[in-house]
Amino acid sequence: MRLKPGTLSIAVFTLLMLIVSAGCGKKKAPVTTPPPPPVTNNNTGGDTTPPPTVGAARINSFTAEPRSIERGQAATLRWSIANATDMSLDQGLGPVGANASRQVFPSNTTTYTLTARSAGGTDTRSVTVEVVVPPPPPPPVSTGSGSFSGMDVLNREAQDAYFDYDKSELREDGRTAMQRDAEILKRIFAADPSFTVAIEGHCDERGSAEYNLGLGDRRATAAKEFLVQLGVPADRLTTISYGKDRPVCTEENEACYQRNRRAHLAPAK
């Protein structure tokens, strides 16, 4: 059977349409997109670094040198502290630095407590400075005639305390001199209950007369307060300032100036 050319063309076109329709009917596989990474929100712009740990305050060392002193002598407290924001000593000494030292002059055996604080904790250490009471003074000195002269003993044995330029604080050598003077005064007062002593404050020639009178007064007062701490009766001591009016040396050099910056003991008039 032979098909006509027009019939054959229609059949071929129909077959092609069926093939195309079948191809378009197939479904494409869905494309899978990976989910985005989780977002961390800790109100710090996404920074997940943990906050730094605050260390506890730590006292590395706390010492007293020397641990035992005589009344009137000094001891030095030394310490080293780490991680602290607040550091203090008791006994009225108050705030201190992290690595420092402090001189103390206890009149009796005293325990000092160092406290260091921070947000991470508190640390404390204590040291004790033992104060040894000096031995009792020797018996009163008498002259060959059996009479006693406090003036003679004072003039012969008492020592001056010297000061730095424009200062009224007792130096170490000045405290040593006053310790010896305290023993002399106790002997004199025991032998002569009516004897009194004037502590004179002197200055070198530099500065105005008015200023040096005030400086001399501060020097005499510092010497008196130290003697009282050593057990000398305060009511047997007076103070007077001569400023620069009574020099023991008149040369214009530092050695001479030093001799004039002094606290001197004399019988009270």
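In this structure, Ser61 OG and Asn99 CG are separated by 8.0 Å, a value rounded to the nearest 0.5 Å. Note that the CG atom of Leu77 and the CG atom of Leu93 stand 7.0 Å from one another [nearest 0.5 Å].
The environment of CD in Glu210 is sparse: at most 12 heavy-atom neighbours from other residues, nucleotides or ligands sit within 6.0 Å.
Judged purely by distance below 3.5 Å, without hydrogens or angles, the side chains of His202 and Asn260 never pair a donor atom with an acceptor atom. Checked by atom type, the side-chain pair Thr85/Ser118 shows no donor-acceptor distance below 3.5 Å. In the model, Thr124 has no side-chain atom that pairs as donor or acceptor with a side-chain atom of Thr115 under 3.5 Å.
When all heavy atoms are compared, the tightest approach of Asp160 to Leu265 is OD1-N, 4.4 Å. Smallest separation of non-hydrogen atoms from Ile81 and Met87: CD1-CG, 3.7 Å. The minimum heavy-atom distance linking Phe189 with Leu237 is given by the pair CZ-CD2, 4.3 Å.
With contacts defined as side-chain heavy-atom distances shorter than 4.5 Å, the pair Val131/Ile69 qualifies. Two residues are said to be in side-chain contact when any heavy atoms from C-beta on lie closer than 4.5 Å; Thr221 and Arg218 fail this criterion. Residues Leu227 and Ile199 have side chains in contact (heavy-atom distance under 4.5 Å, counting atoms from C-beta outward). In this structure the side chain of Pro267 reaches within 4.5 angstrom of the side chain of Asn155, judged on heavy atoms. Inter-residue side-chain proximity for Thr63 and Trp79 is flagged as unmet; no heavy-atom pair is nearer than 4.5 Å.
Under a 3.5 Å cut-off, the side chain of Arg219 and the backbone N or O of Tyr162 do not form any donor-acceptor pair. In terms of modelled atom types and a separation under 3.5 Å, the side chain of Arg236 and the main chain of Pro193 share a donor-acceptor contact. Looking only at distances, a side-chain donor or acceptor of Asp123 sits under 3.5 Å from a matching main-chain atom of Ile59.
We find that Arg261 and Glu254 are joined by a salt bridge, their nearest charged nitrogen and carboxylate oxygen being less than 4.0 Å apart.
Taking Ile, Leu, Val, Met, Phe, Trp and Tyr as members and joining any whose side-chain heavy atoms lie under 4.5 Å apart, directly or through other members, the hydrophobic cluster of Leu215 also contains Tyr211.
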